[in-house]
Amino acid sequence: MATIAVPTPLPSPAADAESLRNAVQGWGTDEKALVEILGRRTAAQRAEIRRAYASLYKESLLTRLHGELSGHFQKAMVLLATEPAERDAKLAREALGRRGDDRDAWVLIEAACAATPDHLLAVRRAYRSLHGSSLEEDVAACPAFQEPLRKLLVSLVRSYRCAEGSVDMAVAKQEAAQLAEAIRRKKQPHGGEVVRIVSTRSKPQLAATFRCYKEQHGSDIEEYSSSQFARMLKIAVWCLTSPEKHFAEVIRYSILGLGTDEDALTRAIVSRADIDMKRIKQEYRVRFKTTVTDDVVGDTSGYYMDILLALVGKE
């Protein structure tokens with residue numbers, strides 16, 4: 001349920017590339033034109049525009065945007081114009097170079113769990129191409145993340161789970177009991193069974209397992225503890241089964257308190273506009289009694305606000 005408002009009729013990629021060239025050439029930059037074009041094209045259409053631009057003008061659109069723009073608007077436009085797997089690979093690399101707090105782990109979990117298995121494979125390929133090392137090895141070697149969280153993150157980013165497939169209710173009930181045994185009785189939520197189940201089962205199978213867990217024990221699996229591992233397990237569960245919950249929380253978190261976490265706000269809106277922003281907006285309104293649009297308007301300004309609102313869509 002994307003929110004990209006593609007125009008009708010749609011200009012050709014070459015025509016869009018020419019318009020972008022005109023917007024960044026000469027004295028000054030036409031930021032409104034950049035927002036109007038890139039903010040109203042799908043990821044596939046933006047990829048065609050990138051190729052057309054490179055073919056016509058013998059330069060990278062990303063390089064040109066980076067050189068012409070600045071600040072949070074620059075980062076939003078560059079992320080938007082970047083191929084999604086390459087974007088997530090770059091974001092993962094940045095997260096691995098920081099302190100290892102919850103927000104850094106979010107980036108890795110989102111790449112591993114909030115999209116399709118094929119997207120994660122593409123992220124891993126892009127990461128190796130860009131950085132000359134494997135994502136899972138770099139997560140395993142990252143000193144910012146401590147055990148048992150690091151074990152969970154490594155298992156998530158190295159996984160390849162089936163995209164769909166039938167649900168085995170007998171397995172769901174059995175693994176719900178195994179999760180309960182590890183979490184509630186043995187007090188070992190970071191044990192091998194928990195990590196194995198969360199990092200290998202298909203999303204439909206996990207959804208069935210978590211439903212069985214709640215039916216058997218009267219609470220969601222993510223409600224058992226407040227440790228960092230438990231908080232990140234909750235994020236993984238949300239990203240796997242209902243990512244709109246996580247991204248609604250990311251957006252809200254990024255604008256609460258003193259100052260705005262523009263990196264988190266940009267990442268959430270740019271990465272989900274092509275996927276499920278409509279569901280995120282619905283979740284946001286129900287949970288926080290306000291709208292994404294109102295909060296973006298209240299906490300951002302200028303062309304940065306304009307591109308975010310273009311991606312969020314009408315409310």
Side-chain angles (χ1 to χ4, degrees), residues 1-6 16 20 31 34-50 60-62 64-66 68-95 103-104 106-116 119-120 122-123 126-127 130 239 243-244 246-255 260-281 283-284 291-293 295-297 299-315:
M1 303 176 84
T3 50
I4 303 292
V6 177
D16 277 340
L20 290 172
E31 290 89 349
L34 298 180
V35 171
E36 181 65 20
I37 297 168
L38 294 177
R40 299 187 64 193
R41 303 294 187 273
T42 66
Q45 291 161 353
R46 295 192 298 271
E48 292 179 348
I49 294 169
R50 284 196 308 274
S60 162
L61 176 60
L62 298 179
R64 191 60 184 257
L65 291 173
H66 194 275
E68 292 287 333
L69 307 177
S70 62
H72 303 305
F73 180 58
Q74 176 205 63
K75 184 157 189 177
M77 295 303 287
V78 170
L79 281 180
L80 182 62
T82 302
E83 190 275 327
E86 181 180 336
R87 175 199 68 214
D88 287 353
K90 290 179 176 178
L91 290 171
R93 181 72 166 194
E94 291 175 6
R103 286 172 292 180
D104 300 325
W106 287 357
V107 176
L108 300 173
I109 294 170
E110 289 166 12
C113 302
T116 65
H119 177 76
L120 177 56
V123 171
Y127 189 97
L130 289 167
C239 285
E244 68 275 5
H246 168 65
F247 287 101
E249 191 164 278
V250 172
I251 294 171
R252 184 66 170 175
Y253 177 90
S254 70
I255 61 178
T260 303
D261 184 347
E262 288 88 359
D263 286 350
L265 181 62
T266 300
R267 185 184 77 250
I269 292 178
V270 168
S271 67
R272 306 310 289 187
D274 281 289
I275 302 173
D276 58 357
M277 182 54 68
K278 187 175 290 187
R279 285 197 294 270
I280 292 169
K281 291 191 295 185
E283 175 74 17
Y284 198 93
T291 67
V292 174
T293 296
D295 281 352
V296 167
V297 169
D299 259 59
T300 64
S301 61
Y303 297 115
Y304 176 58
M305 179 185 72
D306 292 342
I307 188 59
L308 296 183
L309 292 179
L311 298 175
V312 167
K314 295 181 179 180
E315 292 198 73

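In this text the structure is predicted, and so the values were computed from the model without any measurement.
- Taking Gln45 as the reference, Val6, Leu10, Arg41, Thr42 meet the side-chain contact (heavy atoms from CB on, under 4.5 Å) condition, with sequence neighbours excluded.
- Across every non-hydrogen atom of Val250 and Ala264, the tightest pair is CG1-O, 3.8 Å.
- Residues satisfying the side-chain contact (heavy atoms from CB on, under 4.5 Å) test with Asp299, not counting sequence neighbours, are Ile255, Thr260.
- Side-chain N or O atoms of Ser254 include one that pairs as donor or acceptor with a backbone N or O of Ile251 at under 3.5 Å.
- Every side chain to side chain donor-acceptor pair (under 3.5 Å) that Arg93 has, sequence neighbours left out, goes to Tyr127, Asp138.
- Listed here is the closest heavy atom pair of Val312 and Met277: O-CG, 3.9 Å.
- For the pair Val296/Ile269, a side-chain contact is recorded, criterion being any heavy-atom separation below 4.5 Å from C-beta on.
- Expressed to the nearest 0.5 Å, how far NZ of Lys75 lies from OG1 of Thr266 amounts to 7.5 Å.
- Under the salt bridge (charged side-chain N to carboxylate O under 4.0 Å, His left out) criterion, Arg87 pairs with no residue at all, not counting sequence neighbours.
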Could you go through Arg279 and Glu283, starting from their C-alpha distance and side-chain angles, then the distance that decides it, and tell me whether this counts as salt bridge (charged side-chain N to carboxylate O under 4.0 Å, His left out)?
CA-CA 6 Å; Arg279 285 197 294 270; Glu283 175 74 17; over 6 Å; no
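- For the 3.5 Å distance criterion, the side chains of His119 and Asp88 qualify, holding a donor opposite an acceptor.
- Legend: residues meeting salt bridge (charged side-chain N to carboxylate O under 4.0 Å, His left out) with Glu249, ordered by chain and number and at least two apart, are Lys234, Arg287.
- In this structure the side chain of Ile307 reaches within 4.5 angstrom of the side chain of Phe73, judged on heavy atoms.
- Using a 4.5 Å heavy-atom cutoff, the side chains of Tyr303 and Leu34 are not in contact.
- Between Thr3 and Leu311 the shortest heavy-atom distance is OG1-O, 2.5 Å.
- For Arg46, the side chain to side chain donor-acceptor pair (under 3.5 Å) criterion is met by Asp274, not counting sequence neighbours.
- Atom-to-atom distance recorded for Leu91:CG and Asp104:CG is 11.0 Å, nearest 0.5 angstrom.
- The nearest pair of heavy atoms linking Gln74 to Leu65 is CG-O, 4.3 Å.
- Here the closest heavy-atom approach between residue His246 and residue Glu110 is recorded as NE2-OE2, 2.7 Å.
- Side-chain contact between Ile280 and Asp276 is present, with heavy atoms from C-beta onward closer than 4.5 Å.
- The side-chain contact (heavy atoms from CB on, under 4.5 Å) check on Leu120 picks up Ala112, Arg124, Ser159, with sequence neighbours excluded.
- For the pair Arg64 and Glu68, the salt-bridge criterion is met [side-chain N within less than 4.0 Å of a carboxylate O].
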Run the side-chain donor-acceptor check on residues 76-85: report pairs under 3.5 Å with partners two or more places apart or on a different chain.
unit_1, atom_1, unit_2, atom_2, d
Thr82, OG1, Val78, O, 2.6
Glu83, OE1, Ala85, N, 3.1
Glu83, OE1, Glu86, N, 2.9
Glu83, OE2, Ala85, N, 3.3

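- Sorted by first then second residue, the side-chain hydrogen bond (donor to acceptor under 3.5 Å, both in side chains) pairs that include residues 305-315, not counting sequence neighbours, are Thr293-Glu315.
- With sequence neighbours left out, His66 forms a side chain to side chain donor-acceptor pair (under 3.5 Å) with no residue at all.
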Determine, stepwise, if the pair Trp106 / Tyr253 fulfils ring-ring contact (aromatic ring centres under 6.0 Å, His included).
CA-CA 12 Å; Trp106 287 357; Tyr253 177 90; 5.4 Å; yes
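- A search for side chain to side chain donor-acceptor pair (under 3.5 Å) contacts involving Arg50 returns nothing, not counting sequence neighbours.
- In terms of heavy-atom proximity, Val35 sits nearest to Ala310 at CG1-CB, 4.3 Å.
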Evaluate Tyr304 against Leu265 for side chain to side chain contact (heavy atoms under 4.5 Å, CB included), listing each step before the verdict.
CA-CA 11 Å; Tyr304 176 58; Leu265 181 62; 3.9 Å; yes
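- Atom CD of residue Glu262 and atom CG of residue Leu308 lie 9.5 Å apart, to the nearest 0.5 angstrom.
- The side-chain heavy atoms of Arg267 and Val107, taken from C-beta on, include a pair separated by under 4.5 Å.
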